[in-house]
Every structure is written in structure tokens, then in C-alpha cells.
Amino acid sequence: MNYRQQFAEEIYTHLQGLSKVEEINALIEEPKYNTHGDLAFPCFTLAKKLKKAPQQIAKELSTKIDASFLEKTVAEGPYVNGFLNKQIVSKQVIQRINTEKENYGSSAAGAGKKVTLDFSSPNIAKPFSMGHLRSTVIGNALANISEKYGYKAIRINHLGDWGTQFGKLITAYKQWGSEEKVRENPIKELFHLYVMFHEQAEKHPHLEDEARFWFKQLESGNEEALQLWKWFREESLKEFAKIYELLGIIFDSYDGEAFYNDKMDGIVQELKDKDLLSLSDGAEVVNLAAENMPPCLIKKKDGATLYATRDLAAAVYRSRTYHFEKSFYIVGQEQRLHFEQLFLVLQKMSYNWAASLQHVPFGFILKDGKKMSTRKGKVVLLEDVIKEAIDLAYQNIKTKNPELENKEEVAKMVGVGAIIFHDLKNERQNNIEFNLDEMLKFEGSTGLYVQYTHARACSILRKAPAKNNIAVSGLTDSYSWTVIKTLMDFPNVIEKSFQQAEPSVIAKYVLKLSQDFNKYYGQIKILADDTEQSSRLALVKSVAIVLKEGLRLLGVKAPEKL
RNA sequence: GUCCCAGUAGCUCAGCUGGAUAGAGCAACAGCCUUCUAAGCUGUGGGUCGCAGGUUCGAAUCCUGCCUGGGACGCCA
């Protein structure tokens with residue numbers, strides 16, 4: 001089924017050991033234009049070895065090559081272009097997908113090994129913003145992709161439930177808060193207090209000291225502080241649960257920063273024992289000057305810990321608990337330096353697994369070209385956006401398909417899918433300008449386009465005659481061939497997206513497959529009653545399987561009717 | 001000031017481990033529903049690949065410098 005490899009081997013047999021099979025394989029490319037065939041071998045590098053013109057080499061090679069999976073081989077300038085046998089290849093591809101079904105594209109590469117993924121990780125007492133959405137959907141997709149690649153994925157929601165922010169919150173609550181208001185609308189009121197703190201702290205700097213005091217109290221187990229913290233945390237978690245329910249995301253662990261509270265002394269002690277700590281302006285740091293990096297702050301001058309300390313404790317704990325092969329941190333690119341420091345410190349602590357940690361950074365969601373600031377209260381709430389998307393999807397369904405039975409359910413799949421897909425379709429490093437209209441578009445390169453295509457395929461399959469499965473004979477027209485070639489690519493796409501920790505690779509793939517299929521659909525009468533009907537239906541079935549599976553990996557549902 | 005990321009069609013982006021003629025979607029214009037879901041399809045127009053050098057048979061892709069935008073650079077996370 002790996003025709004590229006077969007092509008490489010075929011070429012190899014005619015080169016008398018001039019080049020290794022792997023080297024040939026690496027050179028083989030897919031021609032840009034389909035008039036150039038399906039596989040191309042450029043002869044430039046051979047030209048040097050043979051001291052012959054590449055055009056001449058291509059000519060000679062093309063006449064020698066002869067394999068059943070190839071229809072013909074043509075020399076085109078310095079290239080040897082191979083044309084696959086459409087009949088044989090399409091039959092194999094269609095049969096394989098219909099046999100393997102949703103397991104098509106799965107790999108055993110990660111079998112028996114674990115990956116941990118740290119993602120979503122919202123801050124308690126702050127609303128779930130658009131910024132957290134990115135970490136959440138990218139992380140979830142990467143977890144699915146890891147599983148597709150054979151790994152066991154462990155999804156960790158490293159809640160921001162500890163830190164100086166709670167000192168600020170407690171300070172603000174004691175100053176201006178009321179229990180009643182918080183009970184009524186927890187997140188909103190807590191966030192209001194948080195924003196208010198920052199406003200007031202600009203005028204009254206002593207508030208910052210008070211916040212530090214309260215966080216210190218919290219860390220040393222002050223009962224009043226602890227009670228407030230617990231309450232804030234519970235209320236926030238209830239709100240987050242709604243979002244995850246809407247997005248259809250589950251976690252294996254909600255162990256956040258507070259969970260590591262009792263593991264901090266151990267880490268600090270360990271750093272001391274390994275002689276890595278030094279004092280600097282009253283704070284305890286790991287000096288990284290030798291690595292050309294600013295020092296990593298471990299303890300503040302008041303003795304309270306910092307997030308680097310907690311991340312160190314978390315990494316060690318996860319390594320011991322899960323014995324991961326790889327550990328991903330899906331966190332914004334602004335924390336790049338932090339993770340470089342973190343990984344370096346772990347290396348200095350002589351943990352050999354430090355090399356398997358990987359920061360997966362992503363770009364910002366910008367507002368008017370600038371980063372959104374939580375502290376100033378400038379956030380767009382994810383829940384509002386999702387609700388708007390679902391509502392808009394519902395309106396569309398009502399006008400476009402009033403007959404549809406389960407409109408609410410489908411509207412949810414479409415609305416949520418639109419938001420997830422919009423986030424995942426571009427490279428994660430890119431910054432995104434927040435634009436609701438853009439997110440809620442239901443035409444062009446969108447999640448809905450893919451869902452629609454899938455529903456179309458399903459619709460045809462429903463209308464297919466209930467004949468017993470007649471043997472698939474393969475298809476040779478150019479429209480099917482384009483679809484077949486894209487279908488063939490799916491396993492490579494999975495691998496690429498895993499290797500690059502890049503869900504957009506899959507998003508782009510399902511768009512391409514949808515596009516190919518829609519062109520096919522527009523040209524070929526699939527249900528025509530002729531000898532190739534069963535082959536066409538098997539092709540449609542293959543497309544439906546792969547689209548659904550591709551969307552599933554991204555975290556998007558694929559309704560059968562739209 | 002140092003470091004990181006980005007700059008490709010009017011807009012949003014692919015293409016970047018070097019390869020043949022730089023591609024999609026949106027927007028604009030012109031078409032296609034008595035025939036499988038028109039949320040679709042077909043066609044037209046639209047490009048100094050930020051700028052300048054360099055490496056190479058060959059550069060949007062690699063290297064250097066510069067310009068522009070965003071971000072990070074010790075007691076926030």
C-alpha cells in the first residue's frame with residue numbers, strides 16, 4: 001500500500017547500488033500537476049554521481065522501470081514520473097478503508113507508551129476566556145492524535161488554583177466583597193473583585209503587600225484564608241464543567257497547582273541538596289547565567305513559592321506517577337522562556353526524562369492587534385461565544401432544513417464545531433485577531449463545510465440500493481482518482497500532525513478531502529445503476545469514514561444529517 | 001538593549017527537512033438546482049513571496065543584515 005516505498009525500491013533495482021533505497025525514497029516527491037503523474041523522482045543528485053545530464057538519466061530510467069502497480073513511467077525533463085495503476089490502486093485503497101473503518105490511519109508507533117498532556121488549565125476565579133479556548137482545543141486534539149498514533153494519552157487540567165492571585169482575591173473580597181453577591185453569580189463577582197483589585201492597587205500600592213500577606217497565610221494554612229479559597233475554587237469548577245460539557249472534553253486529572261502545595265518543600269530541599277539554589281536580592285533562584293538565560297525564581301523574598309516551583313514539583317510528580325514517554329505542555333507562546341528555564345533546571349537536577357518534555361506554544365487571540373489583558377477586565381467570555389454560535393447554527397438550520405428532526409442537537413454540533421475548527425484550522429503559532437463574524441462563518445473553509453460534506457456522503461449511502469456487497473472493482477476516472485489519492489494520504493497526515501504537534505495539519509486535510517469529494521459529487525452521478533456503482537458507493541463510504549474520523553480527532557462531531 | 005515568533009493575492013491563510021507553471025477560502029464579477037443535501041459546484045480577474053545581499057544547477061523555502069508588527073526578559077501565571 002506504500003507506493004512511494006515500492007517506487008523507490010523499483011528505481012533502486014536499476015541503479016546498481018549507486019544510492020540507498022532510503023535516499024531514493026527521501027527524494028521522491030508528489031508532482032504539483034497531475035499531468036505529471038503520481039510520483040516523481042528528480043535525477044539531479046544522480047547527475048553528479050553519474051556525470052551525465054539529469055534529463056538523460058531520467059530517460060534511461062523511465063524505460064527500465066516496470067511494475068504492476070504502475071501504469072506507465074514517463075521521463076519529463078530531469079524527472080522520472082510514475083503513473084499509478086488507477087484500477088489496482090483505487091481498489092486496494094477503497095477495500096482497505098472499508099475493512100479497517102475508523103481504524104484506518106491508526107498507528108502502533110506509540111503502543112504501550114504514555115504521553116501526558118497539560119492543557120486548558122484555567123485560572124480559578126477568572127472567567128474562561130477565549131485565550132483558554134486555544135489551549136483547550138489544541139490540547140484535546142493532540143491527545144486524540146496521540147491515541148490515534150498508538151499512545152495512551154493522559155489529559156491533565158493543571159488548574160490555576162493557587163498563587164498570589166488568591167492573595168489578591170481574598171484581599172479584595174474582605175475589602176469590597178459580599179457573600180451574597182458571590183453566591184448569586186460566582187465567576188462574575190469574583191472576576192469583578194479581581195479587576196477592582198488591580199484598579200485600586202495602582203493608586204494604593206499597599207494592597208499588593210496585603211495580597212502577598214494573604215497568600216502567605218494561605219500557604220501556611222490559615223483557616224480563614226483556606227475556607228475562602230476552597231469556596232472560590234468550588235464555585236469556579238462548577239462553571240468550568242459547563243464549558244467542558246459543551247465542548248465535549250474530559251480530563252483524567254484536575255490536579256492543579258494547589259495539589260502540589262505539599263510537594264514544594266521537597267523540591268526546594270532537593271534543589272538545595274543538588275547545590276542549585278542561590279540567593280539573589282533576598283529571593284532564592286537557580287542561576288542560569290551559564291546557559292545565557294535569566295535566573296529561574298524558586299522562592300520569593302517572603303518565602304512564598306512561585307509557579308516555576310510548582311511546575312518543577314508537577315513535572316517530577318508526573319514522571320513518577322505516569323512514567324511518560326513524552327510530556328506536552330500546551331501553553332501560550334508568551335511562556336516560552338519559562339518552559340526553557342523549567343526544562344533546564346530539571347536537566348540540572350539530573351533527570352534524564354527532562355528531554356522528553358515539550359512546550360507546545362500557540363499564538364495569542366488579539367483584540368485590535370493587541371494581547372487581551374485579563375487584569376483590566378478586557379475579556380470575551382467563551383460561554384457567550386459558544387451560545388451565540390449554537391444559536392446562529394440553529395437559525396440557519398431552521399431556514400435551510402426545516403424538516404430536520406433533532407435541530408437543537410445538530411445546532412450544538414455545528415456551533416461548537418465551528419468554534420473548535422476555526423481555532424484549529426490555522427497553524428497554532430499564528431496569532432488570531434478576535435473576530436466573532438469570522439468564527440461564525442458557515443461557508444468556505446469551515447468546520448461546517450466538512451460536516452456538510454460528510455452529511456452529503458451519508459445521505460447518498462442511505463439512498464443506496466440494499467444490494468448485497470458486490471465486489472469493488474476500482475475506479476479510473478480523474479475525479480475519483482483525486483479523492484483516492486487524498487484518502488491514501490491520511491496515515492501520513494496523522495503522523496505528520498503528531499510529529500509536529502500540529503492539529504491544523506488534520507484540519508487542512510479534511511478540508512482538502514471535502515473539496516475533492518464535492519468536486520467528484522458535482523461531476524459523477526454516484527447512484528447511477530451501472531457496473532461501477534458498488535465501487536463508487538464504497539468510495540463514498542470511505543470518504544465518510546475518513547471525514548468523520550478526522551473531525552473526531554479535532555474534537556468536532558459529524559452529524560449524519562444536516 | 002537582548003532574545004523569540006511572524007511578514008506570500010484587497011482580506012484570512014496554505015506551500016518552508018531547497019526542485020517542474022506560487023495555491024485555497026473570503027470579497028468582486030459571470031454561470032449551474034423538474035437529476036444523489038446549492039451550507040455546494042464551474043469559470044474570470046487579482047502576486048516585486050517585507051527589503052537587500054549570499055549559498056546553489058535551482059530559493060517563497062537555507063544563511064547574514066535591515067525594515068515592520070506582536071511577544072518575552074526576577075519576586076504574576
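Only a predicted model underlies this, so the values are computations on that prediction, with no experimental measurement involved. Below, read A as the first sequence line, B as the second, and so on, with proteins coming before strands; counting in each chain starts at 1.
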Checklist entry - Starting at the 5' end of RNA chain B and moving along, which residue's nearest nucleotide shows up first, A:N518 or A:R310? => result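 Looking at RNA chain B, the more 5' nearest nucleotide goes with A:N518.
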Checklist entry - Quick one: on RNA chain B, does A:L306 or A:V414 contact a more 5' nucleotide (nearest heavy atom)? => result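 The residue mapped nearer the 5' terminus is A:V414.
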Checklist entry - Do the rings of A:Y329 and A:F339 sit parallel, tilted or perpendicular, given the 30° and 60° boundaries? => result tilted
Could you give the distance separating [M] and [N] at their [atom1] atoms, to the nearest angstrom?
| N | M | atom1 | value |
| --- | --- | --- | --- |
| B:rG47 | B:rC11 | P | 13 Å |
| B:rA59 | B:rG54 | C1' | 11 Å |
| B:rC62 | B:rU17 | P | 7 Å |
| B:rG65 | B:rA72 | P | 24 Å |
| B:rC41 | B:rG58 | C1' | 38 Å |
| B:rU21 | B:rC63 | P | 25 Å |
| B:rC4 | B:rA9 | P | 26 Å |
| B:rA60 | B:rA52 | C1' | 16 Å |

Item to check | Pairing string, 5' to 3', for RNA chain B - Watson-Crick or wobble contacts under 3.5 Å, brackets [ ] where pairs cross, | to another strand | outcome: (((((((..((((.....[...)))).(((((.......))))).....(((((..]....))))))))))))....
Can you pull every protein N or O that's under 3.5 Å from an N or O on nucleotides 55-57 of chain B?
none

Checklist entry - For A:E433, which contact category applies under a 4.0 Å heavy-atom criterion: base, sugar-phosphate, or nothing? => result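 Touches nothing.
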Checklist entry - Checking all strands, does A:L27 fall into the base, sugar-phosphate, or nothing category for heavy-atom contacts under 4.0 angstrom? => result nothing
Next on the checklist: If you count heavy atoms of other groups shown closer than 6.0 angstrom to NZ of A:K301, is the number above 12?
Outcome noted: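 Result for NZ/A:K301: open.
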For [X] and [Y], does a side-chain donor sit closer than 3.5 Å to a side-chain acceptor?
| X | Y | result |
| --- | --- | --- |
| A:N287 | A:S278 | no |
| A:S121 | A:D118 | yes |
| A:N518 | A:T453 | yes |

Side-chain N or O of [X] less than 4.0 angstrom from OP1 or OP2 on [N]?
| X | N | result |
| --- | --- | --- |
| A:R336 | B:rC3 | no |
| A:N430 | B:rA14 | yes |
| A:T453 | B:rG40 | no |
| A:K425 | B:rA14 | no |

Item to check | Residue of the set A:E210, A:E202, A:K168 for which side chain to side chain contact (heavy atoms under 4.5 Å, CB included) holds with A:F197 | outcome: A:K168
Item to check | Quiz item: cation-pi between A:R456 and A:F517, 6.0 Å / 45° | outcome: no
Checklist entry - Does A:K263 count as lying over the ring of A:F259, i.e. NZ or CZ under 6.0 Å from the six-ring centre, within 45 degrees of the axis? => result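 The answer is yes; both the distance and angle limits are met.
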Under 3.5 Å, is there a donor-acceptor pair between the side chain of [X] and the main chain of [Y]?
| X | Y | answer |
| --- | --- | --- |
| A:H454 | A:P559 | yes |
| A:W229 | A:D161 | yes |
| A:R310 | A:Y260 | no |
| A:H422 | A:L440 | no |

Could you list all N or O pairs between the protein and nucleotides 67-70 of chain B that sit under 3.5 Å apart?
{"unit_1": "B:rG70", "atom_1": "OP1", "unit_2": "A:K370", "atom_2": "NZ", "d": "2.8"}

Kindly write out the residues that satisfy side-chain hydrogen bond (donor to acceptor under 3.5 Å, both in side chains) with [X], not counting sequence neighbours, or none if the list is empty.
| X | answer |
| --- | --- |
| A:Q358 | none |
| A:N492 | A:D489 |
| A:T171 | none |

Checklist entry - Of the nucleotides B:rC75, B:rU37, B:rA72, which has the atom closest to the A:E334 side chain? => result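 When the side chain of A:E334 is considered, B:rA72 is the closest of B:rC75, B:rU37, B:rA72.
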Item to check | Nearest to side-chain heavy atoms of A:N123, which nucleotide of B:rG15, B:rA77, B:rC76 | outcome: B:rA77
Would you tabulate the side-chain donor-acceptor contacts of residues 130-139 of chain A under 3.5 Å, counting partners in other chains and residues two or more places apart, or write 'none'?
{"unit_1": "A:H132", "atom_1": "ND1", "unit_2": "A:S129", "atom_2": "OG", "d": "3.4"}
{"unit_1": "A:R134", "atom_1": "NE", "unit_2": "A:D423", "atom_2": "OD1", "d": "3.0"}
{"unit_1": "A:R134", "atom_1": "NH1", "unit_2": "A:G363", "atom_2": "O", "d": "3.2"}
{"unit_1": "A:R134", "atom_1": "NH1", "unit_2": "A:R428", "atom_2": "O", "d": "3.4"}
{"unit_1": "A:R134", "atom_1": "NH1", "unit_2": "A:N430", "atom_2": "O", "d": "3.2"}
{"unit_1": "A:R134", "atom_1": "NH2", "unit_2": "A:D423", "atom_2": "OD1", "d": "3.3"}
{"unit_1": "A:S135", "atom_1": "OG", "unit_2": "A:S120", "atom_2": "N", "d": "2.7"}
{"unit_1": "A:S135", "atom_1": "OG", "unit_2": "A:I330", "atom_2": "O", "d": "2.9"}
{"unit_1": "A:T136", "atom_1": "OG1", "unit_2": "A:S120", "atom_2": "OG", "d": "2.8"}
{"unit_1": "A:T136", "atom_1": "OG1", "unit_2": "A:H132", "atom_2": "O", "d": "2.7"}

Starting at [atom1] of [X] and ending at [atom2] of [N], how long is that distance when rounded to a whole Å?
| X | N | atom1 | atom2 | value |
| --- | --- | --- | --- | --- |
| A:Y452 | B:rA39 | OH | P | 5 Å |
| A:F517 | B:rC41 | CZ | P | 11 Å |
| A:N401 | B:rA38 | CG | P | 11 Å |
| A:K400 | B:rG40 | NZ | C1' | 10 Å |
| A:E340 | B:rC5 | CD | P | 9 Å |

Next on the checklist: Would B:rC5 be called syn or anti here, given the cut-off of 90° from 0?
Outcome noted: anti
Item to check | Salt-bridge present (A:D437, A:K441; N to O < 4.0 Å) | outcome: no
Checklist entry - Would you call A:D255 and A:R318 a salt bridge, taking side-chain N to carboxylate O under 4.0 Å as the test? => result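 Salt bridge absent between A:D255 and A:R318.
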Please list every donor-acceptor pair under 3.5 Å in which a side-chain atom of residues 26-48 of chain A meets a protein atom from a residue at least two apart or in another chain.
{"unit_1": "A:D38", "atom_1": "OD1", "unit_2": "A:W481", "atom_2": "NE1", "d": "3.0"}
{"unit_1": "A:D38", "atom_1": "OD1", "unit_2": "A:K485", "atom_2": "NZ", "d": "2.9"}
{"unit_1": "A:D38", "atom_1": "OD2", "unit_2": "A:L84", "atom_2": "N", "d": "2.7"}

Item to check | Members of residues 285-299 of chain A that approach RNA chain B, where some heavy atom sits under 4.0 Å away | outcome: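 Contacts with RNA chain B under 4.0 Å: A:V285, A:P294, A:L297.
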Checklist entry - With sequence neighbours excluded, what pairs up with A:D311 under the salt bridge (charged side-chain N to carboxylate O under 4.0 Å, His left out) test? => result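 Result, salt bridge (charged side-chain N to carboxylate O under 4.0 Å, His left out) vs A:D311: none returned.
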Item to check | Protein-to-nucleotide contact annotation, 5' to 3' order, nucleotides 20-28 of chain B [B base; S sugar-phosphate only; - none; under 4.0 Å, heavy atom] | outcome: BB-SSSSS-
Can you give me the N/O atom pairs linking the protein to nucleotides 33-36 of chain B at distances under 3.5 Å, or say none if there are none?
{"unit_1": "B:rU35", "atom_1": "O2'", "unit_2": "A:K525", "atom_2": "NZ", "d": "2.8"}
{"unit_1": "B:rC36", "atom_1": "O3'", "unit_2": "A:K463", "atom_2": "NZ", "d": "3.0"}
{"unit_1": "B:rC36", "atom_1": "O2", "unit_2": "A:L527", "atom_2": "N", "d": "3.2"}
{"unit_1": "B:rC36", "atom_1": "N3", "unit_2": "A:I526", "atom_2": "N", "d": "3.2"}
{"unit_1": "B:rC36", "atom_1": "N4", "unit_2": "A:Y521", "atom_2": "O", "d": "2.4"}
{"unit_1": "B:rC36", "atom_1": "N4", "unit_2": "A:I524", "atom_2": "O", "d": "2.6"}

